[in-house]
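Heads up: the structure comes next, in structure tokens.
Both counts, for ligands and for their atoms, begin at 1 and track the order of listing. Nothing fancy with the numbering, it's 1 onward along the sequence. Quick caveat, the model's predicted, so the values are computed rather than measured.
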Amino acid sequence: MLARFRPAARKLSSLALVRPPSPNYADGLVTHISAPSSSDFPLALSQWESYVNVFDEHAGWSTLHLPPISSCPDAHFVEDQAVAFKHPGGGNLVVPCPMGAPERAPEAKRMHLSLLDLASVGSPALRSVAQLDTSGTMDGGDVLKVGSTVYVGQTLRSSVDAIAALSDLLSPLGYSVVAVPLKKALHLKSAVTALPDGAIVGFEELLEDSSVFPDFLPVANEPSAHVVVLDEKTVLMSSAAGEETTRMLEKRGFGVVGVDISEFEKLEGCVTCLSVRLRE
Ligand SMILES: NC(=O)NCCC[C@H](N)C(=O)O
């Protein structure tokens, strides 16, 4: 069994794909920070469950739990394994990623199989699965969608070739792809994400040039640059973002649901990377 539906996942709703961490999660890759000096698997599991509960308890969302991959300590960072694009005809076109870290390549294969499995079962959220025609690499954490613009971090994980292939795949659907060169962050979405109103929240220290984003809102620390949009008025954020960011977003008219994901932040993860969102 490659993918197992919770009953709610069959309803017409947005679908979050999630995968639980494995006991060896602390062996995950780190690039821009040091390896964690301590870890706590029961805590990681309970933080992951709290994160998943946010979707399960938020109107309009279902979750689909993928099986853990015990040989891949980063496998719960599913965002890097596939990206979903709303199709103008309804549902999502989902693209499995040719991932940039060789250590994580088996995750991409498993995600691809799970997506095919999901397609064969039939889900209103999944219209089709399409592969990139490239010998390059791309991690989903580099792909930021803002309306019909798709910003893609050109990073150690995502190459010019793969970004061009994504552009070829998406242009017929009306998307335009913009490459964003980035050296100081693991992924583009480590540095910037988008609010429901289209403004880009970003931690400028990690960016080469924030002027690429037309409506840029600088924030005080890295976790404050990470939002997962739950609906037009609500975002999910790490509790590490802090009160100041919560107040700033509340003033803009958004509600903030905070989750503690400290065990994943130690491994260079953030709130976006723990799910793949197929939006209604
Ligand atoms: N999208 C993301 O921000 N993913 C985080 C991946 C962290 C993982 N330890 C990695 O280096 O690939």
of all protein heavy atoms, closest to atom 8 (C) of ligand 1 is D74 OD1, 3.3 Å
Kindly say whether the aromatic ring centers of Y51 and F264 come within a distance under 6.0 Å.
no
If you define the side chain from C-beta out and look only at heavy atoms, does anything of K183 sit under 4.5 Å from E208?
yes
For atom 3 (O) of ligand 1, grab the closest protein heavy atom and report residue, atom and distance to one decimal in Å.
H187 ND1, 3.3 Å
Do other residues, nucleotides or ligands put more than 12 heavy atoms under 6.0 Å from D133 CG?
no
Contact between ligand 1 and D80 is defined here as a heavy atom of the residue under 4.0 Å from a ligand atom; is it met?
yes
Considering distance alone, does some N or O of T31 sit under 3.5 Å from an N or O of ligand 1?
no
In ligand 1, the atoms that come under 4.0 Å of a heavy atom of F77 are 6 (C), 7 (C), 8 (C), 9 (N)
Under 3.5 Å, N or O to N or O, is G28 touching ligand 1 that way?
no
Closest protein heavy atom (residue, atom, distance) for atom 12 (O) of ligand 1:
R104 NH1, 2.7 Å
Checking heavy atoms under 4.0 Å, the part of R157 that sits near ligand 1 is side chain
Could you find the nearest protein heavy atom to atom 2 (C) of ligand 1 and give me its residue, atom name and distance?
C273 CB, 3.0 Å
So, E107 and R110, do they make that salt bridge, N to O below 4.0 Å?
no
Determine the interplanar angle of the Y25 and F41 rings, folded into 0 to 90°, and report it as parallel if under 30°, tilted if 30 to 60°, perpendicular if over 60°.
tilted
Does some non-hydrogen atom of K189 fall short of 4.0 Å from ligand 1?
no
For a quick test of reading the model, state the closest non-hydrogen atom pair linking S275 to A16 and the distance between them.
CB-CB, 4.4 Å
Distance to 0.1 Å, residue and atom name: give those for the protein heavy atom nearest to atom 5 (C) of ligand 1.
E268 O, 3.4 Å
Is there a nitrogen or oxygen of S190 sitting under 3.5 Å from a nitrogen or oxygen of ligand 1?
no
Part of L29 within contact of ligand 1 (heavy atoms, under 4.0 Å)
both
Residues R252 and D197 bridged, charged N to O under 4.0 Å
yes
Should the proximity of V30 to ligand 1, defined as any heavy atom under 4.0 Å, be assigned to the side chain, the backbone, both, or neither?
neither
Run S167 and Y175 through side-chain hydrogen bond (donor to acceptor under 3.5 Å, both in side chains) and show every step you take.
CA-CA 8 Å; S167 181; Y175 288 101; over 6 Å; no
Using a 4.0 Å cutoff against the non-hydrogen atoms of G141, which atoms of ligand 1 qualify?
1 (N)
Answer yes or no: does an N/O atom from T272 fall short of 3.5 Å to an N/O atom of ligand 1?
no
Run the salt-bridge test on E280 and K86 with the 4.0 Å N-O cut-off and return the result as yes or no.
no
Starting from atom 7 (C) of ligand 1, which protein heavy atom do you reach first, and at what distance in Å?
L267 O, 3.4 Å
F55 vs W61 aromatic rings, parallel, tilted or perpendicular, using cut-offs 30° and 60°?
perpendicular
Begin from the C-alpha positions of L278 and L17 and carry the test side chain to side chain contact (heavy atoms under 4.5 Å, CB included) through to its verdict.
CA-CA 8 Å; L278 279 63; L17 310 186; 4.1 Å; yes
